[in-house]
2 protein chains.
Amino acid sequence: MADVAELFAARVAERPSSGPLYLQLKSIIDDAVRRGALRPGDALPSERDLAARVELSRVTVRRAMQNLVREGVLVQRRGSGTYVAPQLPRVEQSLGKLTSFAEDMARRGTAVRSVWLDRGLYDPSPEETVALGLPAAARVARVARLRISGETPLAIERAALSASLLPDPEAIGTSLYAHLGQSGNRPVRAIQRLRAVNLSEEDAQLLGLAPGVASLHIERTSYLASGRVVEFTRSTYRGDAYDFVAELRTGEGWVTQ
Amino acid sequence: MADVAELFAARVAERPSSGPLYLQLKSIIDDAVRRGALRPGDALPSERDLAARVELSRVTVRRAMQNLVREGVLVQRRGSGTYVAPQLPRVEQSLGKLTSFAEDMARRGTAVRSVWLDRGLYDPSPEETVALGLPAAARVARVARLRISGETPLAIERAALSASLLPDPEAIGTSLYAHLGQSGNRPVRAIQRLRAVNLSEEDAQLLGLAPGVASLHIERTSYLASGRVVEFTRSTYRGDAYDFVAELRTGEGWVTQ
DNA sequence: CAGTGGTCTAGACCACACC
DNA sequence: GTGTGGTCTAGACCACTGA
């Protein structure tokens with residue numbers, strides 16, 4: 001409910017000027033969500049409405065809300081309103097023996113599907129030429145998918161393969177690896193590189209999130225037993241939906257940390 | 001240089017109204033940095049100055065710049081000005097056999113040090129009681145460090161241990177594990193859980209970054225050979241400074257992806 | 001001191017959602 | 001339609017940096 005206004009008035013009264021107003025308002029709303037006074041899906045007062053009630057300008061109210069949108073606490077829909085973000089159960093994914101997207105979702109007990117964003121043969125970028133070890137004049141197959149669980153987009157996968165290994169990208173069914181297996185080209189080993197990035201405008205739109213939300217960017221290079229590179233894949237996972245889990249054992253570095 | 005203004009004027013002329021003005025300006029500045037026209041450390045025109053020259057309001061110019069600050073492209077210093085962010089060489093860290101912070105930095109060839117943020121005995125939080133498997137009325141040792149390479153803070157580490165394993169946190173030298181080893185309590189196994197998060201105000205301040213910048217949050221639980229939990233550590237790594245690398249081998253999930 | 005970024009205001013117009 | 005968020009403006013004061 002919108003006792004946000006009353007809460008703010010009370011808080012302002014009890015500590016006069018403890019920092020920027022937009023941060024005070026932000027933490028009041030944030031607290032209300034964490035306490036459960038505002039529940040996922042609940043509507044907040046409109047920006048103009050709240051501004052009037054807490055006696056701040058709309059710009060300041062908006063700034064507090066934008067902060068929370070960026071952190072994934074709230075969602076805003078133009079023409080509709082501002083709502084407490086529905087919270088996703090987090091998905092755990094192992095980093096030692098990688099499990100498939102479909103399996104992860106099965107474990108989570110949710111319907112899962114993919115939407116094709118792109119499928120076709122292209123002239124390779126310099127980066128792809130290097131990563132895939134392509135010969136001169138070779139072409140590259142690109143397949144890009146949006147991974148969706150229920151109604152929620154969870155990840156974007158953009159794979160690049162040598163066209164000699166995947167001459168017809170349209171022929172893939174639901175599983176790239178199953179398709180590669182038919183021609184005996186299923187990878188047996190992969191190197192993954194993870195980093196945290198702020199979502200770009202483009203990826204944010206695909207995932208239905210605000211630009212700037214933290215996400216996990218993963219680059220994977222997969223190899224055949226022969227050592228030949230099969231695929232070079234760049235994926236973006238929602239930061240608020242994924243936990244990646246790794247097990248470490250005693251090793252060199254273990255001693256000094 | 002500040003041909004940012006001329007560039008903007010030109011671009012506005014060539015494509016009249018291709019989206020929000022602050023995004024147009026943002027991508028112009030972003031491009032200039034990527035092209036190398038603006039180099040790390042270079043000063044940009046002041047917000048008021050640029051606003052006058054591109055004929056936008058200061059608020060709009062500021063919004064473009066703030067976007068880039070959040071993405072780590074620019075840095076702003078109050079009272080001083082706006083600058084292209086110095087770019088860090090990325091550090092690679094393995095997720096299979098974890099290497100120590102000191103070793104990582106040695107490989108990178110940089111001076112490295114730690115600053116203590118906190119060291120002492122406390123009453124455990126409920127979360128710590130569960131994670132460490134503490135008996136009732138037990139106390140907990142907390143040690144928090146800021147990891148710094150050269151002049152750049154790279155990570156925050158906050159460890160919690162049973163006070164029975166670390167009765168005197170002040171006695172730690174530079175290495176927690178070396179200290180634990182003296183009493184035969186060095187861990188032999190650990191589980192790490194990684195996720196991407198936007199930096200909180202507090203952590204952002206410690207790392208000298210803007211709140212909201214993407215970072216990697218890692219929770220590690222370490223075990224003795226006996227299976228007893230030794231430490232529960234929460235770390236925050238700069239997203240723009242770390243790549244985590246994992247090697248995957250054929251396994252169950254491998255088939256379907 | 002002058003100049004910078006950080007915050008805040010009041011008001012405006014637009015594109016979109018929902019009725 | 002009305003109401004929502006999204007963008008933009010002109011102007012103001014503050015806290016800080018640096019000469």
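So you know, we letter chains A, B, ... as the sequences are listed, proteins then strands, and number each from 1. The analysis underlying the following values was restricted to heavy atoms, covering all of them including side chains, and did not include hydrogens, waters or symmetry mates.
- Ion pairing between a basic and an acidic side chain is recognised when a charged N comes within 4.0 Å of a carboxylate O; B:Glu127 and B:Arg234 show such pairing.
- As rounded to whole Å, 19 Å separates atom P of C:dA15 from atom CD of A:Gln76.
- Note on B:Asp243 versus A:Arg195: salt bridge recorded, some NZ/NE/NH1/NH2 to OD/OE distance being below 4.0 Å.
- Along DNA chain C, the nucleotide nearest A:Arg63 and the nucleotide nearest A:Gly79 are compared for position; the residue whose nucleotide lies closer to the 5' end is A:Arg63.
- At the phosphate of D:dT4, neither OP1 nor OP2 sits under 4.0 Å from any side-chain N or O atom of A:Arg48.
- Rounding to whole angstrom units, CG of residue A:Leu56 and C1' of C:dG11 are separated by 16 Å.
- For the pair B:Arg58 and D:dA10, the criterion of a side-chain N or O lying under 4.0 Å from OP1 or OP2 is not met.
- Comparing B:Glu47 and A:Ser80 along DNA chain C, the residue whose closest nucleotide (by nearest heavy atom) sits nearer the 5' end is B:Glu47.
- Among the heavy atoms of the strands lying under 4.0 Å from A:Arg77 are primed sugar atoms or P, OP1, OP2 only; no base atom is included.
- One finds a side-chain N or O of A:Thr60 lying less than 4.0 angstrom from the OP1 or OP2 phosphate oxygen of C:dT9.
- Straight-line distance from the CG atom of B:Leu21 to the C1' atom of C:dC14: 12 Å, rounded to whole Å.
- Ion pair B:Arg63/B:Glu47 not flagged as a salt bridge, since none of the NZ, NE, NH1 or NH2 atoms sits closer than 4.0 Å to an Asp/Glu carboxylate oxygen.
- One finds a side-chain N or O of A:Ser46 lying less than 4.0 angstrom from the OP1 or OP2 phosphate oxygen of D:dT4.
- The residue from A:Leu199, A:Leu209, A:Ile156 that alone fulfils the side chain to side chain contact (heavy atoms under 4.5 Å, CB included) condition with A:Arg238 is A:Leu209.
- Computed from coordinates, the B:Leu50 CG to D:dT9 P distance equals 12 Å when rounded to whole Å.
- When distances run from any side-chain atom of B:Arg78 to the nucleotides D:dG5, C:dA10, C:dG5, the shortest one goes to C:dG5.
- For the OP1/OP2 pair of D:dT4 and a distance below 4.0 Å, the side-chain nitrogens and oxygens of A:Thr82 include no atom meeting the criterion.
- Between A:Phe244 and B:Phe244, a ring centre-to-centre spacing not shorter than 6.0 Å is recorded.
- Rounded to whole Å, the distance from CE on A:Met65 to C1' on D:dG6 is 14 Å.
- The side chain of B:Tyr22 places no N or O atom within less than 4.0 Å of a non-bridging phosphate oxygen (OP1 or OP2) of D:dC8.
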